[in-house]
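Report on the following structure.
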Amino acid sequence: MSELQVGTAVTGIYKTGKYIGEITDIRPQHYLVRVLGVLKHPMQGDLHNPKEADVLFFHERRALAFREQANIPKQMVKPFEEKIPDYKESLKTAVDKMKNELLETSSQWAEMSLKMIDSLEKDYFKS
């Protein structure tokens, strides 16, 4: 695969979230990506014990903020050909999708994740 260029619109997977953004810098192993939209909200809880509720600390995982920059491994970055959506709208869509998936899952992890998402929603979408 050829090297992507600064300014290219891309999708990138960072931790457990997937984002739309643009490349602002090229590093040896990573692209620096400025976040412009959210495709998949990060999973809640412990990254090292996914979907487990019985962990030492159940983490609240926020989506990367609008225009926040993240170093994303090159193999996790792909060109994005579509129109870049509004950040808030894409975040709302990603949160709603995650909530629906969690509501279909009956587990303690899903219940704890829903509480985290409810709390995040209050912060994300306050007027």
Side-chain angles (χ1 to χ4, degrees):
M1 184 172 116
S2 64
E3 182 95 357
L4 298 172
Q5 302 302 311
V6 170
T8 302
V10 295
T11 62
I13 296 172
Y14 183 77
K15 298 192 178 173
T16 61
K18 187 171 182 181
Y19 302 91
I20 301 166
E22 67 178 346
I23 295 172
T24 59
D25 195 14
I26 300 169
R27 311 234 162 115
Q29 304 295 317
H30 299 82
Y31 290 113
L32 186 62
V33 176
R34 178 181 296 129
V35 174
L36 301 173
V38 181
L39 287 173
K40 180 182 179 291
H41 193 280
M43 285 175 46
Q44 302 304 294
D46 187 336
L47 294 180
H48 303 291
N49 299 289
K51 298 191 177 182
E52 293 293 324
D54 189 19
V55 293
L56 190 59
F57 185 71
F58 196 89
H59 297 270
E60 177 184 86
R61 305 252 174 232
R62 297 182 64 83
L64 295 176
F66 180 61
R67 298 185 62 80
E68 183 174 352
Q69 299 204 66
N71 275 308
I72 303 178
K74 287 184 175 179
Q75 67 271 22
M76 305 304 262
V77 176
K78 306 283 183 257
F80 185 72
E81 305 293 334
E82 301 167 38
K83 181 179 182 285
I84 295 174
D86 175 75
Y87 176 84
K88 279 265 199 232
E89 288 174 20
S90 69
L91 177 60
K92 178 83 172 110
T93 301
V95 167
D96 289 346
K97 183 173 190 251
M98 173 166 271
K99 282 175 65 174
N100 289 333
E101 289 170 1
L102 290 168
L103 288 167
E104 293 173 7
T105 307
S106 61
S107 71
Q108 188 180 3
W109 169 80
E111 288 176 30
M112 292 172 74
S113 293
L114 277 168
K115 287 179 186 168
M116 294 285 187
I117 291 294
D118 287 342
S119 171
L120 285 169
E121 268 188 307
K122 288 180 180 97
D123 187 41
Y124 288 156
F125 307 114
K126 61 186 172 198
S127 301

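What's counted below: heavy atoms across the whole structure, side chains too, no hydrogens, waters or symmetry copies.
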>> Could you walk me through whether Leu120 and Gln44 satisfy the side chain to side chain contact (heavy atoms under 4.5 Å, CB included) test, starting with their C-alpha distance in whole Å, then the side-chain angles of each, then the deciding distance to 0.1 Å, before giving a yes or no?
In response: CA-CA 11 Å; Leu120 285 169; Gln44 302 304 294; 3.8 Å; yes
> Is there a side-chain contact between Lys115 and Phe58 (heavy atoms, below 4.5 Å)?
Replying inline: no
> Between CG of Leu102 and CE of Met116, what distance do you get to the nearest 0.5 Å?
Replying inline: 12.0 Å
>> Applying side-chain contact (heavy atoms from CB on, under 4.5 Å), can you list everything that pairs with Ile26, at least two apart in sequence or on another chain?
In response: Glu3, Val6, Ile23, Tyr31, Lys74
> In the single-linkage hydrophobic clustering (I, L, V, M, F, W, Y; side-chain heavy atoms under 4.5 Å), do Ile117 and Leu39 co-cluster?
Replying inline: yes
> Rounded to the nearest 0.5 Å, how far apart are NZ of Lys18 and NZ of Lys78?
Replying inline: 9.0 Å
> Between Leu47 and His59, does a side chain to side chain contact (heavy atoms under 4.5 Å, CB included) hold up when you go through it step by step?
Replying inline: CA-CA 8 Å; Leu47 294 180; His59 297 270; over 6 Å; no
> Is any side-chain heavy atom of Pro42 closer than 4.5 Å to a side-chain heavy atom of Tyr14?
Replying inline: no
> Does Glu22 reach the side chain of Ile84, with side-chain heavy atoms less than 4.5 Å apart?
Replying inline: no
> Quick one: CZ on Phe80 to CG on Leu36, what's the gap to the nearest 0.5 Å?
Replying inline: 10.0 Å
> What residue pairs, at least two apart or across chains, pass side chain to side chain donor-acceptor pair (under 3.5 Å) with a residue in residues 79-91?
Replying inline: none
>> On a heavy-atom basis, which atom in Tyr19 and which in Arg62 lie closest, and how many Å separate them?
In response: OH-O, 4.3 Å
> Going by the side chain to side chain donor-acceptor pair (under 3.5 Å) test, which pairs reach into residues 49-58, not counting sequence neighbours?
Replying inline: Asp46-Asn49
> Same hydrophobic cluster for Met43 and Phe57, using side-chain heavy-atom links shorter than 4.5 Å among ILVMFWY?
Replying inline: no
>> Per the side chain to side chain donor-acceptor pair (under 3.5 Å) rule, what does the pair list look like for residues 95-108, sequence neighbours excluded?
In response: Lys92-Asp96, Lys97-Glu101, Lys99-Glu121
>> Applying side-chain contact (heavy atoms from CB on, under 4.5 Å), can you list everything that pairs with Pro73, at least two apart in sequence or on another chain?
In response: His30, Gln75, Met76
> Any side-chain heavy atom of Ile13 within less than 4.5 Å of one from Lys40?
Replying inline: no
>> To check you understand the geometry: which heavy-atom pair defines the closest contact between Gly45 and Arg61, and what is its length?
In response: O-NE, 3.1 Å
Under 3.5 Å, side-chain donor or acceptor atoms of residues 63-72 against the rest of the protein: list the pairs with distances, not counting sequence neighbours.
from	atom 1	to	atom 2	distance (Å)
Glu68	OE1	Ala65	N	2.8
Gln69	OE1	Thr24	OG1	2.4
Asn71	OD1	Arg27	NH1	2.8

> Do Trp109 side-chain atoms and Pro50 backbone N/O form a donor-acceptor pair below 3.5 Å?
Replying inline: no
